[in-house]
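A quick write-up on the structure given underneath.
Quick note: residue numbers are just sequence positions, from 1.
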Amino acid sequence: MNAVVFASVLYETALIKGLHMKFQKPHIRFAFALGLFGASIAAAESSEDSVEMTLPVPELPVDLWSKQRLAPEPVEDGLRLRDTGSGAFNDASFWQIHFDAELPYGRKMLSFDVSVASNHAPLWGEQLLQPMIDGKEAAPALDDTGMPSFEKVIANDGKGFITVPQGGAAKTITLDIPKTTTRLSSFAFMTAGATGFDMTLSDFKIVAWPEQDNRVFAPNPLATSLGFLPGHPQTVLIEWPGFDPSVETEPNNAIVRLSGRGGDSDISVPLPRRLSTASGSAVSRITLNLDPGSYTLTAPGIGPKSIEGKTSFQVASDSSALARMRDEAWGAFYWITAGPNGPFPDAHPQDAAAKVFESEGTRDVSGGWYDAGDYGKYTVNGSWAVALMLLTGLNAPDALEHSISPLAGASDKPDWIDVAVAQLDWLAKMQGPDGGVNHKATTREWPLLDIAPHDDFAVKYFMPVSSTATADFAATMALGARVLARYDPARAERFKVAAERALLWLDANPGLIMIERLYDESAYGGPYIDSDDSDERFFALASWAALTQSSEAIAAAESQLNTRLEVLNASKNSTYWGQVDLLGMWALYSIRDVLSEDGARTVQGSLQSAAHKWRVLQQRSAWLLPMADDEGYPWGSNGTLATVGWHWLMWSNASGDDNFARAAKAMLPYFHGRNPLGQTYVTNAVGVRNPHLRPVVSGAIELPPGFIAGGANSMDLAGDPTSGAILGQPPLRMFVDDKESYATNEVAINWQSAWALYASLLMSMR
């Protein structure tokens, strides 16, 4: 049992969760524990029923919010956090102790002692720390009268804080752990501001009253909350909790009952031969061929502690659900549009005079899209998001000939162009007089999660130039100029001039120029840092060639094709804001008729190869996803998957190969509940309800439908305060629908763009 030490004479052995656990004989420490908690534990009749487990701190935690002020140091049975800076630390930091301890089934508490030095002077009332167990704010355990063992002070944002101990004595804190929790992943805490911050946490332990775990588990049939659509594969997946494929089973199949139109029928389903590493579960697949209507699928229990499980789903008679999904996905852009064309026309007046970093000058950065759940704006990500739209408009324009509410009728141009122009006009403001493009416009600190747009008056900073921002800008302006030449020649010409100036700057600055991750100990928003700008420079050359179609520009882009193809192959076709080679290939594909024969062959080969390799991965995946089963899932994995879907449909449209359209259609149910969590990842009545999105959390707007959440993230939780709830879980289970979860449940323009375009292409190829 990792990190768990029993502290007394052991006298009885019990089998709990398949592990031999030894119960402690009563000890003087139990007299304390029971006196404090005993009456609140229904299953505990005496101290003899309890088990105490000490929890050594396995290693010193790090400041996950990188505030660089509090330093951890080991002390006996715990750790000390001490301010190493000067002056008041009027800020919060976030810490996480990874206990990774297995626990018995039954009621239990986490206990620890907390003390502060005499010079510790709190700045936020009497707040000391906000405690969290496995990513959720922890509640006080109950004392022997049924009352909370201590009172938390509630901050303005609703968070509950332990108060500063008085009189210099240590204070024992006892926190409730749910009865069904059988693994303690982490204890985390956010610190409150103080002068002379100096706090010690020690003597961590679990007090538990084990019970026999008589729970039963049902198989988990998974379909789609959207309904199976006409022309789309009807595939239901079944998870079998507790089933171990390595153990021989007789019979080796299960009889599943399908009820609905036409009565009941039994289907024999082979039990899986292996566990999916991505979900940590055994998964079966059923492919159906059903007429429109309502259906219920019932799977039998497998094993002694299993009962039957069922799911209900619809087979649609038309594509109206898909059309609604598409329209809501595009409509979401309205709610993150700044300036007069969005829902907050008077918000952020400071954007019109953003302060140029380390200068007395100001610049206008008003308008455009808010990047994600905050109010920052980023050239790299903003360029990526609008470039996907422009490349679709160049290569599959018919897919975008639909109205977008509330923008319908705003001009005589297709509605999607009005959406894109709002961002393109903002991007144009990010270019300086010498042609270089600034990386981002953000505040020094993140705004509080409950800050509404019209209440956010923090100074916006116009941050330094980077070569990746300049190259992405050059590419996007060139693509915008080509698309708009037909609809708005004057704007198209301005964009062309801006792209050319950016290219000249890149020629004059051939090496990587990148912003710092931190300035004066602050991040100034998301970094979007990149250690290699060669892919962005290729994207810029390819897009300039697509615009001008001059022999010189084409030759410059083609000279890099073989190198970029090697990079794509080596990265397994990685495609996101930091790896844009595939976007450069799509830019060149739009002028394939004027490329050299070798150039056209390389471009088309690269696009086909990416589509094919992702399809092979999907065919091997238990979850029908274009990811290797043993791969981790990155930040914004839903955006990654939607981008693959976009590419499949773009290539199916270009090549006429319907296999790739079928692959894209087969993936759609994943976003609507056919995943290990049964989670619909779109904001709607049955989907995500608590996205990390400040206009919603603050109450400035009601939750709009159509946003896609970031999704499962097993690779970079970056101090997410809810991460304790998912640490150690299989990759596809590392998501939580919580407003605090910026690493899994934030919205962002890069994956929203991919999601909207995926939906448009699906609808056009139905």
**Closest non-hydrogen atom pair between Arg689 and Asn684, with its separation** = NH1-O, 2.9 Å
**Message:** Under a 3.5 Å distance rule, please check whether Lys205 uses its side chain to pair with a backbone N or O of Met109 as donor and acceptor.
**Reply:** no
**Fill in**
In terms of heavy-atom contacts, Trp635 and Asn713 come closest through N-OD1, 3.6 Å
**Item:** Ala642 versus Phe671, closest heavy-atom pair with distance
**Value:** N-CZ, 4.0 Å
**Prompt:** If you measure only the distance, is there a donor-acceptor pair under 3.5 Å linking the side chains of Ser723 and Gln96?
**Reply:** yes
**Message:** If you count every heavy atom of other residues, nucleotides or ligands that lies below 6.0 Å from Glu151 atom CD, does the total exceed 12?
**Reply:** no
**Main-chain N/O of Ala756 paired with Trp330 side-chain donor or acceptor, under 3.5 Å** = yes
**Asked** Is it true that Lys136 and Asp134 have a side-chain N and a carboxylate O under 4.0 angstrom from each other?
**Response** no
**Prompt:** Going by atom types only, do Asp737 and Asn745 share a side-chain donor-acceptor pair under 3.5 Å?
**Reply:** yes
**Asked** Can you tell me how far the CH2 atom of Trp646 sits from the OG1 atom of Thr575, to the nearest 0.5 Å?
**Response** 8.0 Å
**Item:** Val116 and Pro165, any side-chain heavy atoms less than 4.5 Å apart
**Value:** yes
**Message:** Is it the case that the side chain of Thr181 and the backbone of Ile177 share a donor-acceptor pair, with hydrogens and angles ignored and the cut-off at 3.5 Å?
**Reply:** no
**Request:** Compute whether any side-chain donor of one residue and acceptor of the other, for Ser279 and Ser281, lie under 3.5 angstrom apart.
**Result:** yes
**Asked** With distance as the sole criterion, is a donor-acceptor pair present between the side chains of Asn638 and Tyr681 under 3.5 Å?
**Response** no
**Fill in**
Rounded to the nearest 0.5 Å, the CG atom of Leu388 sits from the CH2 atom of Trp755 at a distance of 15.0 Å
**Asked** For residues Ser760 and Arg326, is any side-chain donor paired with an opposing acceptor at under 3.5 Å?
**Response** no
**Request:** Could you tell me whether a side-chain N or O of Ser698 sits under 3.5 Å from a main-chain N or O of Pro695, the two making a donor and an acceptor?
**Result:** yes
**Asked** How long is the gap from CG on Asp176 to CD1 on Ile133, to the nearest 0.5 Å?
**Response** 7.5 Å
**Complete:** What one should report as the nearest heavy-atom pair of Leu222 and Asn675 is CD1-O, 3.2 Å
**Expected output: side-chain Tyr742 to main-chain Asp720 donor-acceptor under 3.5 Å** = yes
**Prompt:** Any chance NZ of Lys171 has more than 12 other-residue heavy atoms, nucleotides or ligands included, within less than 6.0 Å?
**Reply:** yes
**Asked** Do Gln314 and Phe228 touch side chain to side chain, with heavy atoms closer than 4.5 Å?
**Response** no
**Request:** With the side chain counted from C-beta on, respond yes when Leu226 and Met325 share a heavy-atom pair under 4.5 Å apart, and no when they do not.
**Result:** yes
**Item:** Parallel, tilted or perpendicular: ring planes of Tyr375 versus Tyr370, cut at 30 and 60 degrees
**Value:** perpendicular
**Asked** Rounded to the nearest 0.5 Å, what separation is found between the OG1 atom of Thr443 and the CZ atom of Phe457?
**Response** 14.0 Å
**Message:** Checking Ser741 against Thr744: is there a side-chain donor and acceptor pair closer than 3.5 Å?
**Reply:** yes
**Prompt:** Side chains of Tyr524 and His439: is there a donor and an acceptor less than 3.5 Å apart?
**Reply:** no
**Prompt:** Taking Glu631 for the side chain and Ala628 for the main chain, is one N or O donor matched with an acceptor at less than 3.5 Å?
**Reply:** yes
**Request:** Begin with the C-alpha distance, continue with both residues' side-chain angles, and end with the deciding distance and a verdict on side chain to side chain donor-acceptor pair (under 3.5 Å) for Asp738 and Thr722.
**Result:** CA-CA 8 Å; Asp738 190 306; Thr722 70; 5.6 Å; no
**Request:** Might you point out which heavy atoms bring Pro691 and Val747 nearest each other, and give the distance in Å?
**Result:** CB-CG1, 4.2 Å
**Message:** With a 4.5 Å cut-off on side-chain heavy atoms, are Val380 and Asp530 touching?
**Reply:** no
**Asked** For the residue pair Phe94 and Trp65, does the interplanar ring angle fall in the parallel (under 30°), tilted (30 to 60°) or perpendicular (over 60°) class?
**Response** parallel
**Asked** Hey, does Val688 have a side-chain heavy atom less than 4.5 Å from the side chain of Phe707?
**Response** no
**Request:** Would you tell me whether Asn90 and Trp124 have side-chain atoms, one donor and one acceptor, within less than 3.5 Å of each other?
**Result:** yes
**Item:** Test item: Ser186 side-chain N/O and His98 main-chain N/O as donor-acceptor pair under 3.5 Å
**Value:** no
**Request:** Give a yes-or-no answer on whether the side chains of Thr174 and Ser111 include a donor-acceptor pair shorter than 3.5 Å.
**Result:** no
**Request:** Answer yes or no: is there a side-chain heavy-atom contact under 4.5 Å between His348 and Pro453?
**Result:** yes
**Prompt:** Roughly how far, to the nearest 0.5 Å, is OG of Ser276 from CG of Asp629?
**Reply:** 4.0 Å
**Item:** ring-ring contact (aromatic ring centres under 6.0 Å, His included) partner of Phe112, the single match among Phe189, Phe187, Phe99
**Value:** Phe187
**Under 3.5 Å side-chain donor-acceptor pair for Asp113 and Thr172** = yes
**Prompt:** Do Lys739 and Leu693 touch side chain to side chain, with heavy atoms closer than 4.5 Å?
**Reply:** no
**Message:** Please tell me whether Asp63 and Ser93 have a donor and an acceptor in their side chains that are separated by less than 3.5 angstrom.
**Reply:** no
**Message:** In the structure I gave you, are the side-chain heavy atoms of Met199 and Val114 within less than 4.5 Å of one another anywhere?
**Reply:** yes
**Request:** Answer yes or no: is there an ion pair linking Arg733 with Glu239, defined by an N-O contact shorter than 4.0 Å?
**Result:** yes
**Asked** Does CD belonging to Glu126 count more than 12 external heavy atoms closer than 6.0 Å?
**Response** yes
**Prompt:** So, for Ala712 and Tyr633, which heavy atoms are closest and what is the spacing to 0.1 Å?
**Reply:** O-CB, 3.7 Å
**Request:** Considering only NZ, NE, NH1 and NH2 on the basic side and carboxylate oxygens on the acidic side, decide whether Glu521 and Arg69 come within less than 4.0 Å.
**Result:** no
**Request:** Give a yes or no answer on whether the side chain of Thr163 reaches the backbone of Gln127 with a donor-acceptor pair at less than 3.5 Å.
**Result:** no
**Message:** Go through it in stages, so that I can follow the logic: the residues are Lys159 and Glu740, the test is salt bridge (Lys or Arg N to Asp or Glu O under 4.0 Å), and I'd like the CA-CA distance, side-chain angles, deciding distance and then a yes or no.
**Reply:** CA-CA 11 Å; Lys159 293 182 171 65; Glu740 301 279 355; 2.8 Å; yes
**Asked** Can the ring centroids of Tyr378 and Trp577 be said to lie less than 6.0 angstrom from one another?
**Response** no
**Side-chain H-bond candidate by donor/acceptor type, Lys67 with Thr191, under 3.5 Å** = no
**Asked** Do side-chain atoms of Ser306 reach the backbone of Ala218 as a donor and acceptor pair under 3.5 angstrom?
**Response** no
**Item:** Residue among Leu201, Leu79, Leu129, Leu70 satisfying side chain to side chain contact (heavy atoms under 4.5 Å, CB included) with Trp95
**Value:** Leu70
**Item:** Distance (rounded to the nearest 0.5 Å) between Gln729 CD and Ser185 OG
**Value:** 8.0 Å
**Request:** Start with the C-alpha gap between Arg694 and Asp456, add the side-chain angles, then the distance that decides, and say whether salt bridge (Lys or Arg N to Asp or Glu O under 4.0 Å) holds.
**Result:** CA-CA 10 Å; Arg694 280 166 176 77; Asp456 181 23; over 6 Å; no
**Request:** Indicate yes or no: does Lys440 engage Asp371 in a salt bridge with an N to O separation below 4.0 Å.
**Result:** no
**Message:** Ignoring hydrogens and geometry beyond distance, is a side-chain donor-acceptor pair present between Glu445 and Ser522 at under 3.5 Å?
**Reply:** yes
**Asked** Does Glu211 pair with Lys108 as a salt bridge, N-O distance under 4.0 Å?
**Response** no
**Item:** Ring centroid separation Tyr670 to Trp623 under 6.0 Å
**Value:** no
